[in-house]
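To start, the structure itself, in structure tokens.
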There are 2 protein chains.
Amino acid sequence: MTGVEPLPPPVWLRSANKPVKRQLSLDAVLEAALRLLDSGDLESVSMRRVAQELGTGPASLYAYIGSKAELDELLYDAALAPVVVPEPDPERWRSQLLDLGVDVAKALAARPGTARVALETVVPSTPKALELMDGVLGLLKAGGIPAREAVVFADLFALHLTAGAWEMTLRSAPKQAAEETEVRAAQIVQYLDLVPADRLPHLREAFPLFGVEDDDPAAGLRTGLEMLVEGLVARQTGGG
Amino acid sequence: MTGVEPLPPPVWLRSANKPVKRQLSLDAVLEAALRLLDSGDLESVSMRRVAQELGTGPASLYAYIGSKAELDELLYDAALAPVVVPEPDPERWRSQLLDLGVDVAKALAARPGTARVALETVVPSTPKALELMDGVLGLLKAGGIPAREAVVFADLFALHLTAGAWEMTLRSAPKQAAEETEVRAAQIVQYLDLVPADRLPHLREAFPLFGVEDDDPAAGLRTGLEMLVEGLVARQTGGG
DNA sequence: TTGCAAGACGAACACCATTCGCGTCGCGAA
DNA sequence: TTCGCGACGCGAATGGTGTTCGTCTTGCAA
């Protein structure tokens with residue numbers, strides 16, 4: 001090859017040193033960010049690193065996104081992408097709702113840190129988030145829940161689910177958090193030994209039961225969502 | 001007063017210029033941090049600022065606390081301090097539980113940012129947090145909930161409550177977040193206009209109902225906790 | 001061919017938590 | 001009373017963060 005290639009441009013030209021990579025775009029930025037996210041967590045997605053991934057400086061990114069928070073929301077939306085909203089079936093709306101909730105939480109937990117974005121944003125309003133909210137409202141309507149109640153519930157549902165996803169993220173973090181949890185548990189035991197024996201009696205009794213069933217981190221979340229739905233229908237039939 | 005005060009020490013002594021402020025202590029650090037927290041939020045509590053508040057550099061603080069995270073937990077514990085655990089009354093355990101939950105959330109929301117500490121910690125284990133957990137377990141026992149269920153529920157209860165407190169924190173933030181919310185709402189309306197009219201039908205219909213009853217930010221939280229408790233007892237009587 | 005808007009981006013700003021290592025002080029031992 | 005030592009205090013530096021300014025460059029429209 002070497003023979004036929006054109007000679008390199010003169011070194012004193014500015015363009016020789018900076019080969020002018022016009023390959024940036026919103027998609028390229030998002031793609032690079034997702035690459036970083038998947039090989040770590042949201043913490044490892046910084047402007048600098050994304051820029052480095054693209055072979056440029058952080059300032060270049062601001063042509064396509066307004067702020068880091070904006071990029072975070074894009075990642076959040078991307079994390080939500082694989083979730084599909086089911087067609088409401090009045091016979092099965094409750095299990096559909098639970099499945100949807102668990103799916104969302106799993107999707108968020110699969111991209112570590114994205115759940116946190118939802119917690120930090122006052123009201124998450126990315127396209128996919130809105131689509132999912134619409135889906136939840138649709139299922140509630142299929143279940144005969146009045147619109148007024150449905151709105152309140154949908155809000156709570158999303159909140160609980162997001163918090164659950166965040167907790168799943170913490171617990172399923174590869175190594176660090178696992179031993180963190182153990183250290184904490186040990187500290188609590190130690191603390192309980194320190195405290196007068198007649199204090200915290202219920203905690204003493206129940207403590208060994210904590211952390212059971214942690215083989216499936218989504219199980220606890222599902223239970224919580226079940227309780228929420230159960231409470232919703234109880235409140236409907238009861239009266240108030 | 002001026003007359004009786006002792007004359008200042010000679011200026012050429014080193015101790016005159018640096019009066020050797022051996023006034024640092026864990027309490028002093030915590031106090032300064034709380035002062036900053038109360039005149040802002042957790043974001044405004046940085047090592048540098050706490051140190052500045054004490055007239056020193058950030059390095060000095062590390063004699064008393066191991067890390068910023070540790071200080072955060074101290075603040076979290078301090079925020080929880082005013083909450084009192086009620087004596088369980090088998091007649092009223094449900095309302096007691098709800099009141100306790102709302103109290104905790106209000107206490108956390110009163111020190112903006114502390115709820116976030118609980119969300120970020122794998123398992124919050126400060127003394128007050130353990131005391132509250134013990135209280136919750138006590139109420140559940142008074143309600144006749146089996147220990148196994150009680151543990152799962154207490155976890156969910158705490159999670160929901162913390163998330164709710166965080167949301168309250170966001171919404172009740174003095175100025176910034178309030179208009180943030182409005183901006184978001186406007187953006188969503190705008191987005192709904194942009195999207196084909198047959199998409200997101202339920203959201204379109206229900207959107208005006210969102211944000212109603214925001215005069216009492218704790219109301220939504222209480223509703224959520226009610227549903228959770230309702231679901232718990234329904235699951236008990238039902239069978240599973 | 002020329003002019004110009006828009007993209008690219010190096011450098012700098014103002015933060016952040018944390019660590020190193022030196023100076024200084026108070027206190028206990030001699 | 002004097003000395004020495006250990007613990008505290010803390011200035012300075014390290015390596016991060018998001019964001020902005022001003023300049024350079026380049027492709028395209030006129």
Side-chain angles (χ1 to χ4, degrees), chain A residues 9-33 36-37 40-76 113 116-117 120-121 176, chain B residues 9-33 36-37 40-76 113 116-117 120-121 176:
Chain A
V11 209
W12 61 86
L13 278 188
R14 196 96 159 87
S15 60
N17 300 323
K18 305 181 187 176
V20 185
K21 343 181 168 164
R22 292 221 176 256
Q23 59 205 17
L24 254 53
S25 68
L26 178 55
D27 279 349
V29 170
L30 186 54
E31 193 185 321
L36 284 170
L37 181 62
D41 63 345
L42 193 65
E43 298 275 300
S44 44
V45 180
S46 74
M47 291 289 158
R48 290 178 137 79
R49 272 206 270 262
V50 172
Q52 194 182 2
E53 192 85 356
L54 296 169
T56 179
S60 305
L61 308 180
Y62 284 83
Y64 302 99
I65 56 168
S67 66
K68 175 63 168 24
E70 215 172 292
L71 176 58
D72 287 345
E73 281 200 66
L74 288 176
L75 293 176
Y76 168 73
R116 183 189 174 139
V117 177
E120 288 182 356
T121 310
Q176 201 175 348
Chain B
V11 210
W12 61 87
L13 280 185
R14 193 97 159 89
S15 61
N17 300 323
K18 303 185 185 177
V20 187
K21 338 182 172 166
R22 295 230 174 250
Q23 59 205 17
L24 252 53
S25 68
L26 179 56
D27 279 349
V29 169
L30 187 53
E31 194 185 321
L36 284 170
L37 182 62
D41 63 345
L42 194 65
E43 299 275 299
S44 45
V45 180
S46 72
M47 291 289 156
R48 288 177 137 78
R49 271 205 271 262
V50 172
Q52 194 181 4
E53 192 84 357
L54 296 169
T56 179
S60 305
L61 308 180
Y62 284 84
Y64 304 99
I65 56 168
S67 66
K68 175 63 171 15
E70 216 172 290
L71 176 59
D72 287 345
E73 281 199 65
L74 288 176
L75 293 176
Y76 168 73
R116 184 190 171 138
V117 177
E120 287 182 357
T121 311
Q176 203 174 344

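Just so it is clear: chains get the letters A, B, ... in the order the sequence lines come, proteins before strands, and each one is counted from 1.
Leu42(B) has its CG atom 13 Å from the C1' atom of dC16(C), to the nearest Å. Remark: C1' of dT17(D) and CD of Glu43(A) are 11 Å apart, rounded to the nearest angstrom. Met47(B) has its CE atom 15 Å from the P atom of dG9(D), to the nearest Å. Taking atom NZ of residue Lys68(A) and atom P of nucleotide dG16(D), one finds them 16 Å apart after rounding to whole Å. A straight line from CD of Gln52(B) to C1' of dA17(C) spans 16 Å, rounded to a whole angstrom. Note: CD1 (Ile65(B)) to P (dC8(D)) measures 15 Å, nearest angstrom. For Leu61(A) and dT19(D), the CG to P distance is 11 Å, given to the nearest whole Å. Rounded to whole Å, atom P of dA17(C) lies 7 Å from atom OH of Tyr62(B).
The side chain of Thr56(A) places no N or O atom within less than 4.0 Å of a non-bridging phosphate oxygen (OP1 or OP2) of dA8(C). Taking 4.0 angstrom as the limit, Ser60(A) places a side-chain polar atom (N or O) nearer than this to OP1 or OP2 of dC9(C). Between Tyr64(B) and dG9(D) there is a side-chain N or O to OP1 or OP2 distance below 4.0 Å. The phosphate of dT17(D) has OP1 or OP2 within less than 4.0 Å of a side-chain N or O from Arg49(A).
Overall, the helix from dT1(C)-dA30(D) to dA30(C)-dT1(D) carries an axis bend of 20° between its ends, with five pairs at each end and the value rounded to 10°.
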Take Leu36(B) and Gln52(B) through the test side-chain contact (heavy atoms from CB on, under 4.5 Å) and record every step on the way to the result.
CA-CA 11 Å; Leu36(B) 284 170; Gln52(B) 194 181 4; over 6 Å; no
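Here the closest heavy-atom approach between residue Ala51(B) and residue Pro58(B) is recorded as CB-N, 3.4 Å.
For Arg48(A) and dG18(D), a side-chain-to-base donor-acceptor distance below 3.5 Å is present, hydrogens and geometry of angles not being considered.
In this structure, the side chains of Leu54(A) and Leu61(A) come closer than 4.5 Å at one or more pairs of heavy atoms. At a threshold of 4.5 Å between non-hydrogen side-chain atoms, the residues Leu75(B) and Val117(B) do not count as touching.
Nearer the 5' end of DNA chain D, as judged by each residue's closest nucleotide, is the contact made by Pro58(B), out of Val45(A) and Pro58(B).
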